[in-house]
Amino acid sequence: MSPKYKPVALVDCNNFYVSCERVFNPALLNRPVLVLSNNDGCVVAASDEAKQLGIERGVPVFEIRDLIKKHGVEVWSSNYTLYGSMSHRVMSTLEEMVPEIERYSIDEAFCWLPGFDPAKLDKQAVKIRKTVGQYTGIPVSVGVSLTKTLAKVANRQAKKNPEFKDAGVCNLTTFSQPEIDQLLSEVKVSDIWGIGRRRAEFLQQHGVFTAYEFKEMPDRWLQKNLTITGLRTAWELRGIPCIKPEFSPPAKKSIITSRGFGRPIESLEELTEAVTAYVSRLAEKLRRQHSVASRMEIFIHTSHFARQGERYANAARLRLPQPTSYTPELVKHARRALELIYRPGFQYQKAGVMVMDLVPESARQLNLWGEGEGGPETIERNRQLMVAVDGLNMQMGQSTVRLGPVGTKQTWGMRREKLSNRYTTRWDELLEVS
DNA sequence: TCTGGGGTCCTAGGACCC
DNA sequence: TCTGGGGTCCTAGGACCC
């Protein structure tokens with residue numbers, strides 16, 4: 001391979017949520033384990049042992065009750081506080097070893113490796129895997145190549161292909177082009193990063209079944225049928241980088257807080273409680289990245305699986321009088337919007353709030369007419385108040401200080417029946433015997 | 001009975017302007 | 001009575017990711 005491009009390693013934690021649970025509960029090792037989505041609805045992570053039983057990510061729990069019982073599968077609610085802090089440990093470990101890393105998701109990072117010598121890259125990949133394992137207890141797989149998409153392919157080989165699985169490392173820079181082509185002809189199109197279900201179906205209908213066949217398709221055809229993103233993916237598989245590194249994540253352009261309820265709710269009062277709680281969370285996220293929002297959307301809906309006539313979904317979008325991250329101001333507008341779309345007589349299953357058109361706090365332009373929050377002095381006073389509230393909640397635990405209408409009962413809250421302790425963030429829960 | 005949450009990017013199509 | 005063409009901005013919706 002040409003040394004024109006920088007080698008990149010994709011480091012991906014194996015069955016991340018399950019691995020996090022195992023670090024603090026070794027009894028889960030070598031056993032089938034599942035971690036469930038919010039409300040314990042469906043499977044979001046499965047251990048290898050569970051996958052061998054045929055359990056896949058995404059299946060609803062009620063469909064596999066028998067399987068769980070029969071094989072004594074361990075089932076846990078998701079504990080995002082724990083996973084977030086374990087993710088932080090993994091990423092910090094990587095940052096100490098590699099000069100340039102891109103945190104791609106909670107359990108994955110692209111690491112740009114210095115040097116081009118394939119043999120040395122092998123050694124580095126092995127070292128990354130070993131060090132992360134020692135420091136955090138989380139097993140990872142490492143895939144190395146010259147483009148992100150090929151590093152993804154390599155990573156998958158490191159996880160699944162018996163040839164690489166034991167080492168947990170697959171380094172495509174040691175492969176010749178014919179060897180890479182051979183490998184790609186064994187990769188299904190549906191397993192390519194950037195090809196989802198719809199595109200995989202489309203490609204198969206057009207006789208394209210493997211990653212090799214895909215990358216050999218003409219550019220014009222790719223762009224016409226799969227847009228520019230599909231074309232980029234093909235180029236990346238040909239070894240030409242098209243997807244740039246993002247070393248410092250850009251500020252988010254929109255932020256959502258939404259959640260399904262633990263039980264269906266009907267009254268405007270309870271919906272208002274929920275929406276107020278969500279807006280409070282969302283405003284915290286907004287302030288953490290020092291942004292203010294210009295627009296907001298709130299949505300509510302019944303279950304997608306409700307019968308015809310019992311189904312209702314609606315959303316209201318509004319432009320805020322002036323960009324803000326001040327919780328009471330956001331709550332005020334959200335409640336008004338909710339009243340516009342609320343219809344009595346439905347069993348609501350989920351609500352959410354989204355803010356768009358975010359701008360940096362420092363660049364906020366004051367509305368000429370002085371609508372909304374008011375003048376600069378008020379805004380500054382409100383800002384300081386929020387800093388104080390955020391600080392208290394950070395120290396004392398979430399929702400120590402909150403707005404009245406959030407309610408304290410929250411009987412609609414999430415179901416999380418098998419939640420593990422917050423080992424990494426609460427001393428009192430680290431030692432507790434469960 | 002029970003089906004997650006949070007993001008991004010791209011395109012098509014409508015409204016509006018000249 | 002005839003009824004263009006191109007640009008921009010916005011929104012909705014689709015597709016993808018983990």
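First the proteins, then the strands, lettered A, B, ... as listed; each starts at 1.
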Undergrad: Is there a side-chain contact between A/S258 and the phosphate of B/dG6, meaning an N or O under 4.0 Å from OP1 or OP2?
TA: yes

Undergrad: Nearest to the side chain of A/R232 - B/dG6, B/dC9, C/dC18?
TA: B/dC9

Undergrad: Reckon A/K152 has a side-chain N or O less than 4.0 Å from the OP1 or OP2 of C/dC18?
TA: yes

Undergrad: If only side-chain N and O atoms count, and only distance matters, is there a donor-acceptor pair under 3.5 Å linking A/Q347 with A/E310?
TA: no

Undergrad: Which one, B/dG4, C/dC18, B/dT8, comes nearest to the side chain of A/S105?
TA: C/dC18

Undergrad: With heavy atoms under 4.0 Å as the rule, sort A/I106 into base, sugar-phosphate or nothing.
TA: nothing

Undergrad: Between B/dC10, B/dG4, B/dG7, spot the one nearest the side chain of A/I255, thanks.
TA: B/dG7

Undergrad: For A/E63, answer base if it contacts any base atom (sugar-phosphate contacts may also be present), sugar-phosphate if it contacts only those atoms, and nothing otherwise; contact means non-hydrogen atoms under 4.0 Å.
TA: nothing

Undergrad: Please check if any side-chain donor atom of A/S325 sits under 3.5 Å from a side-chain acceptor atom of A/R383, or the reverse.
TA: no

Undergrad: Provide, to the nearest angstrom, the distance between the CE atom belonging to A/M356 and the P atom belonging to C/dA12.
TA: 8 Å

Undergrad: Once you apply a heavy-atom cut-off of 4.0 Å, does A/L231 come out as touching a base, just sugar-phosphate, or nothing?
TA: nothing

Undergrad: Reading DNA chain B from 5' onward, which residue's closest nucleotide shows up sooner: A/K350 or A/Q223?
TA: A/K350

Undergrad: Aromatic ring centroids of A/Y80 and A/Y17 under 6.0 Å?
TA: yes

Undergrad: Please tell me which of A/Y80 and A/E246 maps to the more 5' nucleotide of DNA chain B, matching each residue to the nucleotide holding its nearest heavy atom.
TA: A/Y80

Undergrad: Think A/K285 has a side-chain N or O under 4.0 angstrom from the OP1 or OP2 of B/dG6?
TA: yes

Undergrad: Counting only side-chain nitrogens and oxygens, does A/R259 get under 4.0 Å of the OP1 or OP2 atom of B/dG5?
TA: no

Undergrad: Considering every strand and a 4.0 Å limit on heavy-atom distances, what is the contact class for A/S78: base, sugar-phosphate, or nothing?
TA: nothing

Undergrad: Counting heavy atoms not belonging to A/R343, are there more than 12 under 6.0 Å from its CZ?
TA: yes

Undergrad: Within the structure shown, what part of the strands sits under 4.0 Å from A/D40 by heavy-atom distance: base, sugar-phosphate, or nothing?
TA: nothing

Undergrad: Does B/dT8 have OP1 or OP2 sitting under 4.0 Å from an N or O in the side chain of A/S254?
TA: yes

Undergrad: Tell me the partner of B/dC18, counting only Watson-Crick (N1-N3 plus N6-O4 or O6-N4) or G-U wobble (N1-O2 and O6-N3) with both under 3.5 Å; none if nothing fits.
TA: C/dG5

Undergrad: Does a salt bridge link A/K152 with A/D191, judged by any charged N lying under 4.0 Å from a carboxylate O?
TA: no

Undergrad: Using whole Å, report how far CZ of A/R199 lies from P of C/dG14.
TA: 14 Å

Undergrad: Would you please classify the geometry between the A/F110 ring and the A/W112 ring as parallel, tilted or perpendicular, with 30° and 60° separating the classes?
TA: tilted

Undergrad: Given B/dG4, is OP1 or OP2 found less than 4.0 Å from the side-chain N or O atoms of A/R57?
TA: no

Undergrad: Please pick, from B/dC10, B/dG7, C/dC16, the nucleotide with the shortest atom-to-atom distance to any side-chain atom of A/K252.
TA: B/dG7

Undergrad: Considering only side-chain heavy atoms of A/C42, which listed nucleotide, B/dC2, B/dG4, C/dC18, is closest?
TA: B/dG4

Undergrad: Report the distance from atom CD of A/Q289 to atom C1' of B/dG7, rounded to the nearest whole Å.
TA: 12 Å

Undergrad: With a 4.0 Å cutoff (strictly under), does any side-chain N or O of A/R295 reach OP1 or OP2 of C/dT11?
TA: yes

